Amino acid sequence: MQTVYLEPRNDVHISAIRFTPDIDKAQVSAEVQLSAPAPEGLQFRLAGKENNISFESPLGTGDTTARFTVQVPDMKLWSLNDPYLYEVTASLVSKNVIDSVKTYFGMRK
């Protein structure tokens, strides 16, 4: 049996995020879905944990879906012998962080 808990969320939060790697270009595409239209001045941030992922870009006012291309420096490929995953924190930022999600992706074809 596991403990169940609820977390409060802001009206605008990340409802889904999907990563699509591009090994040949050493980058990953991030498709972010929001729970509600983005207010003016909202930024998307992707920050790596113990890796070199660092990205920030504005979202369009009113957008509910956004796509970003993020460079992956010193790319490390995922394989059965070395199942390396990039641990990242995806955040929505206005004057402060209004939502934050920890997630991961692997670089493979």
Side-chain angles (χ1 to χ4, degrees):
M1 197 178 284
Q2 293 183 342
T3 303
V4 176
Y5 62 93
L6 297 174
E7 292 182 0
R9 303 289 303 265
N10 289 312
D11 290 341
V12 179
H13 58 267
I14 297 170
S15 59
I17 187 165
R18 180 180 180 178
F19 295 103
T20 305
D22 185 334
I23 304 304
D24 298 329
K25 294 182 180 177
Q27 62 190 24
V28 65
S29 296
E31 181 177 313
V32 182
Q33 294 179 4
L34 305 180
S35 60
E40 184 177 351
L42 191 63
Q43 300 272 326
F44 172 72
R45 181 183 296 160
L46 194 65
K49 178 183 177 187
E50 299 177 17
N51 58 54
N52 293 325
I53 303 295
S54 180
F55 178 83
E56 188 167 331
S57 182
L59 284 105
T61 302
D63 285 354
T64 56
T65 301
R67 289 173 187 80
F68 302 99
T69 300
V70 179
Q71 294 303 309
V72 180
D74 304 319
M75 183 175 56
K76 188 170 182 179
L77 299 179
W78 184 98
S79 71
L80 289 174
N81 295 329
D82 184 14
Y84 183 81
L85 296 174
Y86 285 85
E87 294 182 40
V88 293
T89 300
S91 304
L92 297 178
V93 181
S94 188
K95 293 180 182 175
N96 53 14
V97 176
I98 64 169
D99 188 43
S100 185
V101 175
K102 293 183 183 198
T103 187
Y104 56 87
F105 63 90
M107 296 298 289
R108 68 178 285 207
K109 284 189 178 187

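The figures here come from the full heavy-atom set of this structure, side chains too, leaving out hydrogens, waters and symmetry mates. Quantities reported herein were computed from a predicted structural model and do not represent experimental measurements.
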Just do the side chain to side chain contact (heavy atoms under 4.5 Å, CB included) check on V88 and F55 with the steps written out, would you? CA-CA 11 Å; V88 293; F55 178 83; over 6 Å; no
Side chain to side chain contact (heavy atoms under 4.5 Å, CB included) for K49 and T89? Distances and angles first, verdict last. CA-CA 8 Å; K49 178 183 177 187; T89 300; over 6 Å; no
Give the C-alpha distance, both sets of side-chain angles, the deciding distance and a yes or no for side chain to side chain contact (heavy atoms under 4.5 Å, CB included) between V32 and L59. CA-CA 10 Å; V32 182; L59 284 105; 5.5 Å; no
T20 vs E31, side chain to side chain contact (heavy atoms under 4.5 Å, CB included): CA-CA, chis, key distance, verdict: CA-CA 8 Å; T20 305; E31 181 177 313; over 6 Å; no
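In terms of heavy atoms, L80 sits closest to P83 at O-CD, 4.0 Å. Residues I23 and R108 approach most closely at CD1-N, 3.4 Å, considering heavy atoms. Taking both residues in full, the closest heavy atoms of A26 and Q71 are given as O-OE1, 3.5 Å, listed atom of the first, atom of the second, then distance. The nearest pair of heavy atoms linking S35 to S15 is N-OG, 4.0 Å. Here the shortest heavy-atom pairing between E50 and Y84 reads O-OH, 4.1 Å. Taking every heavy atom of both residues into account, P21 and G106 meet most closely at CG-O, 3.7 Å.
The CD atom of Q33 lies 8.5 Å from the CZ atom of R67; values are rounded to the nearest 0.5 Å. If you take CZ on R45 and OG on S57, they are separated by 12.0 Å, rounding to the nearest 0.5 Å. Atom CZ in F44 sits 13.0 Å away from atom CG in D63 (nearest 0.5 Å). Note that the CD1 atom of I53 and the CE atom of M75 stand 10.5 Å from one another [nearest 0.5 Å]. Atom CZ of R18 sits about 10.5 Å away from atom OG of S29, to the nearest 0.5 Å. Between atom CG of residue L77 and atom NZ of residue K109 there is a gap of 9.0 Å, rounded to the nearest 0.5 Å.
Environment of OH in Y104: sparse, with no more than 12 heavy atoms of neighbouring residues, nucleotides or ligands closer than 6.0 Å.
Considering D11, I14, L34 as possible partners of D99, the one that fulfils the side chain to side chain contact (heavy atoms under 4.5 Å, CB included) test is I14. None of L85, D22, V28 except one satisfies the side chain to side chain contact (heavy atoms under 4.5 Å, CB included) rule with M107; the exception is V28.
Residues V93 and V12 are members of separate hydrophobic clusters, defined by side-chain heavy-atom contacts under 4.5 angstrom among Ile, Leu, Val, Met, Phe, Trp and Tyr. A continuous path of ILVMFWY side-chain contacts below 4.5 Å connects V101 to Y86, so both sit in one hydrophobic cluster. Cluster annotation: V70 is connected to F19 through the hydrophobic network of ILVMFWY side chains, with a link wherever side-chain heavy atoms come within less than 4.5 Å. At a threshold of 4.5 Å between side-chain heavy atoms, the hydrophobic network of Ile, Leu, Val, Met, Phe, Trp and Tyr places I17 and V72 in one connected group.
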